[in-house]
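This report concerns only the one structure given below.
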Amino acid sequence: MKTYPMTINGKAIDTGRTLDVINPALGRPFAAVPAARPQDVDAAVAAARAAFPAWRATPHAARQAMLHALGGALEANMPELMDLITRETGKPLQGLNNVGSGMELGGAIAWTHVTADLPLEPEVIQDNDQARIEVHRKPLGVVASITPWNWPLMIAIWHIIPALRAGNTVVLKPSEYTPVATARFVELAQAVLPPGVLNVVTGGGDIGAALAGHADVNKIVFTGSTRTGKRIMEGAAASLKRLTLELGGNDAGIVLPGADVPAVAARLFGVAFHNNGQTCACLKRLYVHDSQYEAICNELVRLARAVRVGDGLDPQTELGPLQNRAQLDVVGTLAADAAAHGGRILSGGKARAGQGYFFEPTIVAGLSNGARLVDEEQFGPILPVIRYSDVEQAIALANDNPNGLGGSVWSSDLQLAAAVGKRLECGTVWINEHGAVQPDAPFGGVKQSGIGVEFGRHGLEEFTAIQTVKIMKH
Ligand code: NAD
């Protein structure tokens, strides 16, 4: 079994102990990474701190060229990285609606190139006889990036590339469940970047906490659960670290009356079940009008029974296993709770016997807000379909949740759908779509789904501090 390196200051570090990484399709380890110690966190932050002055002083064009070269390294190593992502996350190589490791790599490459090209010019606020006022964007220093297990490499890229583009240096801590492709990418990146500019430490929550609380870290960019996000925010207070927090979602979708049922159901199924529901902005609660409730449920059940579940390395597979046993247990508990509290399990409802962390794609009718499956983020292949009788009620139910990541409205009446959508309390609303993100449009949560945004100019600016320069002319 191969051990993938942890890179600090351009060098592979052996800590004398390793962490096994499990392939969830088999329930067995397939690789290992070094188990970082607290002194490795100190060394990584020190390396990033030492590399910062030269990196900050590197001209924009030179930094941009290096970032494009990182995009080239991702492209050149795509088959290997896709294979590693499928083995560590369980997601298929292609997958339902082409959402799989191929998309994760494709996204990582696209985000790298688009973000590398983002301008970061000073803004001129005033330039007259009296004074010139310029607003400059300066890097913050050392950025700590902490990532989850669902889209490990793509989310690492979402953190790293804008941080580096703005002139910061980075210490990355991937999820202990899925550190392999990320560690391999950081190793590849050393051929492009100066030592210390991008470092990775591999370990669990304790190592994440040591990094997030480190006195010499200036900013934390964190993607993961709301619970961990709150702990990170508490720890950041001591030195007022800057924060971007991309946290949990429990996204609602509302189907307005009069929808074309087969067409809409196929799209709804895709946006709820791709990556087995293990995406922050998957559709997680579906509100359907009385008049089409049975028809949409029936169509979703047909799709759930037809979808091909299996090992992600099999090219026929559309949905893989859950990424880890704990998440499999969460989904099983929510299914049992739904059945015990009036939910009708229309398809699936249980884990598969045999090896791996597989759960049958599950559609649940008959629940509403107040049931655990509706109120909590399931992060798995189980969708509650909730009946409503008027649109005001649907909007109120959709907003009745502490999360506010995304939301969607489905209708052929685009004006009406947009008007309803703007009333949803969420960071992004989609009309006849859900969860689709792109590198030039800001994305982030409101309420307890997070603080700040990623992507595009707005996301890039979160890795900077403003310096206002006022030059008096007389
Ligand atoms: P998690 O919070 O359990 O872990 C995320 C990371 O935090 C891991 O690297 C973990 O080791 C680390 N960590 C754990 N305890 C820590 C601590 N005390 N201090 C610092 N770091 C610590 O989340 P997860 O289960 O890996 O990810 C799933 C969650 O992520 C879901 O809620 C999902 O919605 C959310 N998510 C959000 C977005 C978004 O953009 N909003 C994107 C993807 C996933």
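Whatever order the structure lists them in is the order used to number ligands and atoms, beginning at 1. No hydrogens, no waters, no symmetry mates; every other heavy atom, side chains included, goes into these values.
Both the sub-6.0 Å distance and the 45° axial angle are satisfied by K219 relative to the ring of F463.
Around ligand 1 you find I146, T147, P148, W149, N150, I155, K173, P174, S175, E176, G204, G205, G208, A209, F222, T223, G224, S225, T228, R231, I232, E246, L247, G248, G249, C280, E377, F379, L405, F443, each with a heavy-atom distance below 4.0 Å.
Contact check on D216 versus R49 returns a salt bridge, with a Lys/Arg side-chain nitrogen under 4.0 Å from an Asp/Glu carboxylate oxygen. The existence of a salt bridge linking E176 and K173 is confirmed by a sub-4.0 Å separation between a basic side-chain nitrogen and an acidic carboxylate oxygen.
Residues T86 and S101 bring a donor and an acceptor atom of their side chains to less than 3.5 Å of each other.
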#### Entry: Trace of the side chain to side chain contact (heavy atoms under 4.5 Å, CB included) decision for L383 with L286
CA-CA 7 Å; L383 179 68; L286 180 62; 4.3 Å; yes
Solution key, residues 450-458 side-chain donor-acceptor pairs under 3.5 Å, sequence neighbours excluded:
unit_1	atom_1	unit_2	atom_2	d
R457	NE	E461	OE2	2.5
R457	NH1	P119	O	3.4
R457	NH2	E461	OE2	3.0

